[in-house]
Amino acid sequence: MLDTTPPYPSPESEPDAHSAAAPTPSSSEELWDIVDHHLIRYGGSFAPRLIERARGSYLYDQQGRKILDFTSGQMCATLGHNHPDVVQAIHKACEGVLHLFSGMLSPSVVELAEALCKLLPPTLQKAIFLNTGSEVNEAALRMAKLHTGGFEVVGLSTSWHGMTAGAGASTFVAARKGYGPTIPGNFAIPTPNCYRCPVRHCQDQCDMTCLAVGFELIDSQSVGSYAALIVEPVLSAGGIIEPPEGYFQRLQDYCRERGMLLILDEAQTAFGHLGSFFAFEQLGIVPDILTLSKTLGGGLPLAATVTSADIEADCYDKGFLYYTSHVSDPMPAEVGLAVLRVLTTQNLAERAATMGAYLKAGFLKLKDRYEVIGDVRGRGLLLGVELVKDRESRAPNPELGAAITHRCMELGLSMNITALPNMGSVWRIAPPLTVTQEELDEGLAILEQAIIDCLNK
Ligand SMILES: Cc1ncc(COP(=O)(O)O)c(C=O)c1O
């Protein structure tokens with residue numbers, strides 16, 4: 001006989017045997033024991049606190065200790081943690097629809113497409129909504145290859161574009177060794193890092209020799225099948241490197257001369273972090289393809305690839321396929337709408353410029369007081385502070401960086417440090433755009449205390 005009971009529990013039903021059998025672990029030791037036994041370590045060791053709650057700029061661990069979050073999670077909690085409008089959008093989606101067949105659309109996705117494209121220039125009017133930065137770069141690279149008919153992709157030598165095959169092949173800063181061949185036809189040009197000139201040519205003032213030399217090298221290796229160049233406006237994982245004035249225009253010229261599309265990866269820079277809605281507004285270019293991720297979902301997995309109607313039409317005619325389980329999902333779209341609404345109504349890009357200038361001035365004061373701070377850079381609320389052994393040699397100081405970062409966490413400040421060979425140790429600072437001046441003061445005070453404690457050890 002056909003069983004007509006629904007295959008899910010009714011709200012009144014008793015817990016099933018599985019949930020009854022699984023005890024709820026309570027003590028921190030028990031949970032860390034489970035971590036040791038059952039979690040794959042995907043990026044070194046885990047941060048030493050279990051976070052139970054988050055609001056605004058703060059995290060709260062299991063013991064209720066407060067941690068000021070200077071990286072807005074993984075640079076995603078644009079409006080701060082658990083912003084009420086984001087929470088409300090999630091509730092709205094729960095009342096409406098969470099997930100659909102990938103070929104089906106919801107009003108939230110359509111409205112998000114319109115809201116996003118209204119903020120963009122006429123050549124960026126077609127969007128696809130996915131979940132992660134890796135995915136949208138993957139989609140952008142596929143579109144560039146299909147549209148141009150080429151396959152060669154150029155990136156910058158300290159770039160990070162994601163973990164999937166295509167995005168990973170253009171990620172040069174880490175995660176390349178030990179996984180076999182990457183996709184053929186991927187090349188790197190030197191990152192224009194004027195604090196550590198990659199061609200040992202300039203100091204503190206990049207004259208873009210690295211760009212010219214880089215393209216000479218690529219041209220000599222190319223088999224004549226260029227598709228795209230992919231670049232971040234500020235190389236974040238690469239140590240918060242801001243290419244010099246005029247770099248992006250020159251980069252676009254190099255691309256046009258070679259028939260390549262310029263893909264701008266604004267995972268960390270879009271939606272206000274640099275003090276404008278999009279970074280490209282400050283760079284004097286409009287990319288052929290724009291990728292948006294982290295900051296768009298305000299902490300939820302939402303990302304977009306945006307391009308021109310012409311490129312989209314050509315790809316469509318050529319049978320473009322980018323079908324994933326969560327493409328056009330309604331729930332993150334609802335959240336994206338809320339994020340855009342709050343950003344625009346509260347003018348948060350402008351706020352990021354003001355708060356960023358205040359924070360940068362605070363770091364510069366610390367630089368005046370501590371020789372180990374070699375450089376302070378970045379703009380808006382995406383800043384970098386580089387640690388050195390001494391100002392003269394500029395030798396990186398990863399041991400001190402790790403010690404101060406650890407001490408900051410003990411004192412209640414979460415900081416993120418990059419410490420990769422040839423790059424130096426750089427704190428990447430990206431608080432939520434809603435951060436207050438008092439919170440910035442608190443973070444600066446904790447950082448100074450941690451520096452003092454570690455230098456006096
Ligand atoms: C500039 C940039 N692009 C792409 C990515 C990849 O995004 P995701 O981790 O969401 O796949 C990152 C992640 O840090 C990033 O910083």
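Indexing begins at 1, ligand by ligand and atom by atom, following the structure's order.
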Side chains of [X] and [Y], donor plus acceptor under 3.5 Å:
X	Y	value
T291	T305	no
N397	S425	no
H326	N131	no
H201	D207	yes

By salt bridge (charged side-chain N to carboxylate O under 4.0 Å, His left out), which residues pair with K92, not counting sequence neighbours?
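K92 satisfies salt bridge (charged side-chain N to carboxylate O under 4.0 Å, His left out) with E334 once adjacent residues are dropped.
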With hydrogens left out, which residues have an atom under 4.0 Å from ligand 1, given that only heavy atoms count?
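Around ligand 1, where the cutoff is 4.0 Å for heavy atoms, the contacting residues are T132, G133, S134, N137, W160, H161, G162, E232, D265, A267, Q268, K294.
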With side chains defined as the heavy atoms from C-beta onward, is the minimum distance between I451 and I373 less than 4.5 Å?
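Counting from C-beta outward, I451 and I373 do come under 4.5 Å.
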